[in-house]
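Protein chains get the first letters and strands the later ones, always in sequence-line order, with residue 1 at the start of each.
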Amino acid sequence: MLDAQLLRSQLAFVQERLATRGYTLDAARFQSLEEERKRIQTDTQDLQARRNAASKQIGQLKGKGEDTSSVMAEVAGLGDALKAGEERLAVVLADMQAFVASLPNLPHESVPVGKSEADNVEVLRWGTPRSFDFEVKDHVDVGTALGGLDFETATKISGARFTLLRGGIARMHRALAQFMLDTHTLEHGYTELYAPYMVNAESMFGTGQLPKFEEDLFAVPRGDGSKFYLIPTAEVPVTNIVRDTVQSAASLPLKFVCHTPCFRSEAGSYGRDTRGMIRQHQFDKVELVQIVTPDQSWAALEALTGHAETILQRLELPYRKIALCTGDMGFGAAKTYDLEVWLPAQNTYREISSCSNFETFQARRMQARFKNEQGKNEILHTLNGSGLAVGRTLVAILENYQQADGSVVVPAALRPWMGGVERIGA
RNA sequence: GGAGAGGUGGCAGAGUGGUCGAAUGUACCUGACUCGAAAUCAGGCGUAGGCGCAAGUCUACCGUGGGUUCGAAUCCCACCCUCUCCGCCA
């Protein structure tokens, strides 16, 4: 959420920055809401002040045993106006809040300006795609032939966009998550968490999934009419740890890593990536989250992205790092790097991690603050990134490490988590 | 699922219709004393927001939402959460 003060004082600037993301800020609507808010709020607070003063006077008079009827008559006349004012104020404040909460974040000045994916900027490439002396199969064919990937049965059990893993490939999936967790906790200084997979609406609002993106989520109805939401990423439960808190400066930065399944409705992506386990309703991800002071967040974004890159490098998977352009960034991000892994069967790089600095965008929605050096409460900065998406990492290994005989070599770095197994199949 | 207790400021803990945004203790900050520290003494010390150039001033907040009242931390209703015991359970 943007700072309402910023909107008031620099509306044209905000409008201009949001325009780079292809978002049109309705300045006239904001100004009329703001004007109305100001008027109603001032009037209402004025009435409240008069009511409070009169009530206090009544208390004092009664204490002295004096007559209060004239004051009571005066304040009684305020009742209706006061009630009407308070109701209108509540409405206009809610409208204003909803308006501000619906605005995406301002892109950081270093973000390349562009309209779409096509305008993203490649920052670096790592590794050299392997050349094959046989016909390359995609992960579906590789995994199915090994008996480790079974989409038909998953479809019977649940439906489209689910996967059933079996045997060595299921084990590799588990090993990947363990390898990622151990690397981030033992070498990168993250604290491991186990967190709820279902959260309340407040948490979804805090990280920005609600109210705008409800259709992307799965919800679980509860008996009382409320609902839980299945997390689309561990970012949600983990970042909300600091919701409604004031952190001491000494406790920062907070660095958390959390392995969870992620659940996404994939509404609106019909027909995209229908083959294989690239785009699923349920997939595992190891998520990195950092909660930092504002002066640290840009360095933290580089570091966090580097932590995710380490996993790809250890697994010797070729990848590239992309700076998303203004038009392609997510709702809450001030800046995002995507890491894209090489998939030989598609002959292209595909997203395997997305690392973002949200600056105060999420923290303001969550009222997540810290005590600064002046002893004042200040809004924190939040960041997160995949380190990595486990399912897509498995896909990348199946494709990049496939052999002519149909087997798959286990990347050397992963073998300690695979009981020393060097190869799956054949 | 059944029975009971409770949710007040960073923490502890008073307050059961009016001068209560809230005693007191503790923590913390500033000053005095001290070579320095401790102890002691004095002062300060919640959050969010409005208006104002500023000094300042006003509003809201005592789990949440309603209600009664001129006035609610305090009374009424509903809900949420926590704790204890019983039952059930991975």
Side-chain angles (χ1 to χ4, degrees), chain A residues 1-9 11 30-101 194-206 220-229 237 240-252 261 360 362-380:
Chain A
M1 192 161 67
L2 298 179
D3 184 0
Q5 293 290 0
L6 184 71
L7 283 162
R8 286 181 197 131
S9 61
L11 188 59
F30 176 79
Q31 277 167 328
S32 77
L33 269 175
E34 172 64 3
E35 195 183 304
E36 195 183 1
R37 191 222 94 228
K38 207 170 195 166
R39 183 168 49 77
I40 294 175
Q41 185 160 3
T42 310
D43 290 355
T44 304
Q45 292 190 348
D46 233 42
L47 283 172
Q48 287 172 325
R50 280 166 63 193
R51 191 248 348 249
N52 289 348
S55 292
K56 197 168 217 171
Q57 199 185 350
I58 290 169
Q60 286 167 343
L61 289 173
K62 285 201 166 177
K64 287 187 271 183
E66 292 175 24
D67 176 56
T68 59
S69 54
S70 67
V71 187
M72 285 180 71
E74 181 204 328
V75 79
L78 297 176
D80 287 347
L82 195 56
K83 189 167 182 144
E86 285 175 345
E87 279 167 9
R88 280 189 306 159
L89 182 60
V91 169
V92 73
L93 286 177
D95 285 350
M96 180 58 97
Q97 157 83 12
F99 180 84
V100 176
Y194 172 81
Y197 300 162
M198 297 193 284
V199 301
N200 56 33
E202 288 78 8
S203 291
M204 285 295 186
F205 178 83
V220 181
R222 307 177 69 186
D224 62 0
S226 72
K227 50 191 165 184
F228 283 131
Y229 292 93
N240 273 281
I241 289 171
V242 294
R243 173 155 57 89
D244 294 323
T245 66
V246 180
Q247 302 294 315
S248 69
S251 69
L252 301 171
T360 58
Q362 294 180 325
R364 181 170 289 108
R365 294 165 88 93
M366 292 190 297
Q367 281 300 300
R369 295 160 295 174
F370 73 104
K371 282 253 184 269
N372 67 18
E373 283 177 12
Q374 290 75 44
K376 290 288 177 196
N377 290 346
E378 190 177 335
I379 309 279
L380 286 159

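- Here the side chains of A:V71 and A:L61 are in contact, with some heavy-atom distance below 4.5 Å.
- For A:R37, a side-chain nitrogen or oxygen approaches OP1 or OP2 of B:C51 to under 4.0 Å.
- Distance check on atom C1': B:C11 versus B:A60 gives 25 Å, rounded to whole Å.
- Here the separation of B:U8 from B:A12, taken at their C1' atoms, is 12 Å to the nearest Å.
- If you measure from atom CG of A:N377 to atom P of B:A48, you get 5 Å, rounded to the nearest angstrom.
- Between the C1' atom of B:A48 and the CD1 atom of A:I379 lies a distance of 11 Å, rounded to the nearest Å.
- Taking atom C1' on both B:C89 and B:U47, the two are 42 Å apart, rounded to the nearest angstrom.
- A close approach under 4.0 Å does not occur between any side-chain nitrogen or oxygen of A:R51 and OP1 or OP2 of B:G18.
- Using modelled atom types, one finds a donor on one side chain and an acceptor on the other under 3.5 Å when comparing A:N200 with A:S203.
- Nucleotides B:A73 and B:G18 place their C1' atoms 13 Å apart, quoted to the nearest Å.
- The side chain of A:K38 contributes an N or O atom lying less than 4.0 Å from OP1 or OP2 of B:C51.
- Using a 4.0 Å cut-off between charged nitrogen and carboxylate oxygen, A:R37 and A:E34 count as a salt-bridge pair.
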Stepwise side chain to side chain contact (heavy atoms under 4.5 Å, CB included) check, A:L47 with A:E86: CA-CA 10 Å; A:L47 283 172; A:E86 285 175 345; over 6 Å; no
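- Heavy atoms of A:R50 sit nowhere under 4.0 angstrom from any nucleic acid atom.
- At the phosphate of B:G50, OP1 or OP2 sits under 4.0 Å from a side-chain N or O atom of A:Q5.
- For the P atom pair drawn from B:U57 and B:A22, the interatomic distance equals 14 Å after rounding to whole Å.
- If you measure from atom CD of A:E86 to atom P of B:G65, you get 14 Å, rounded to the nearest angstrom.
- Along RNA chain B, the nucleotide nearest to A:Q60 and the one nearest to A:K83 differ in position, and the one closer to the 5' end is contacted by A:Q60.
- Listed nucleotides B:G71, B:A48, B:U59 differ in distance to A:Q45; the shortest reach to its side chain belongs to B:U59.
- Remark: the separation of the C1' atoms in B:C41 and B:G56 is 31 Å, to the nearest Å.
- Regarding A:E36, its CD atom lies at a distance of 16 Å from the P atom of B:G50, rounded to whole Å.
- If you take CG of A:D43 and C1' of B:G49, they are 16 Å apart, rounded to a whole angstrom.
- Between A:L89 atom CG and B:C58 atom P the separation is 18 Å, expressed in whole Å.
- Of all the heavy atoms in A:T44 and A:I40, the pair that sits closest is OG1-O, 2.7 Å.
- The structure places CE of A:M366 at 8.0 Å from OG1 of A:T245, a figure rounded to the nearest 0.5 Å.
- Residues A:I379 and A:R369 are in side-chain contact: their nearest non-hydrogen atoms beyond the backbone lie under 4.5 Å apart.
- When all heavy atoms of A:V92 and A:L33 are compared, the pair lying nearest together is CG2-O, 4.0 Å.
- To the nearest whole angstrom, the two C1' atoms, one in B:U24 and one in B:G9, are 13 Å apart.
- Rounded to whole Å, the distance from NZ on A:K371 to P on B:U47 is 5 Å.
- Within the structure, every side-chain polar atom (N or O) of A:N52 is placed at least 4.0 Å from both OP1 and OP2 of B:C58.
- Among the atoms of the strands shown, only primed sugar atoms or phosphate atoms (P, OP1, OP2) are found under 4.0 Å from some heavy atom of A:R369.
- As rounded to whole Å, 9 Å separates atom P of B:C70 from atom CD1 of A:I58.
- With a cut-off of 3.5 Å on both pairing distances, the Watson-Crick and G-U wobble pairs of RNA chain B assemble into stems of 3 or more at B:1-7 with B:80-86, B:10-12 with B:24-26, B:28-32 with B:40-44, B:46-51 with B:56-61, B:63-67 with B:75-79.
- Across B:U64 and B:C80, the matching P atoms stand 15 Å from one another, rounded to whole Å.
- Within 4.0 Å of A:A49, counting heavy atoms only, lie sugar-phosphate atoms of the nucleic acid but no base atom.
- Applying the side chain to side chain contact (heavy atoms under 4.5 Å, CB included) test between A:L82 and each of A:R50, A:Q48, A:E87 identifies A:Q48 as the sole match.
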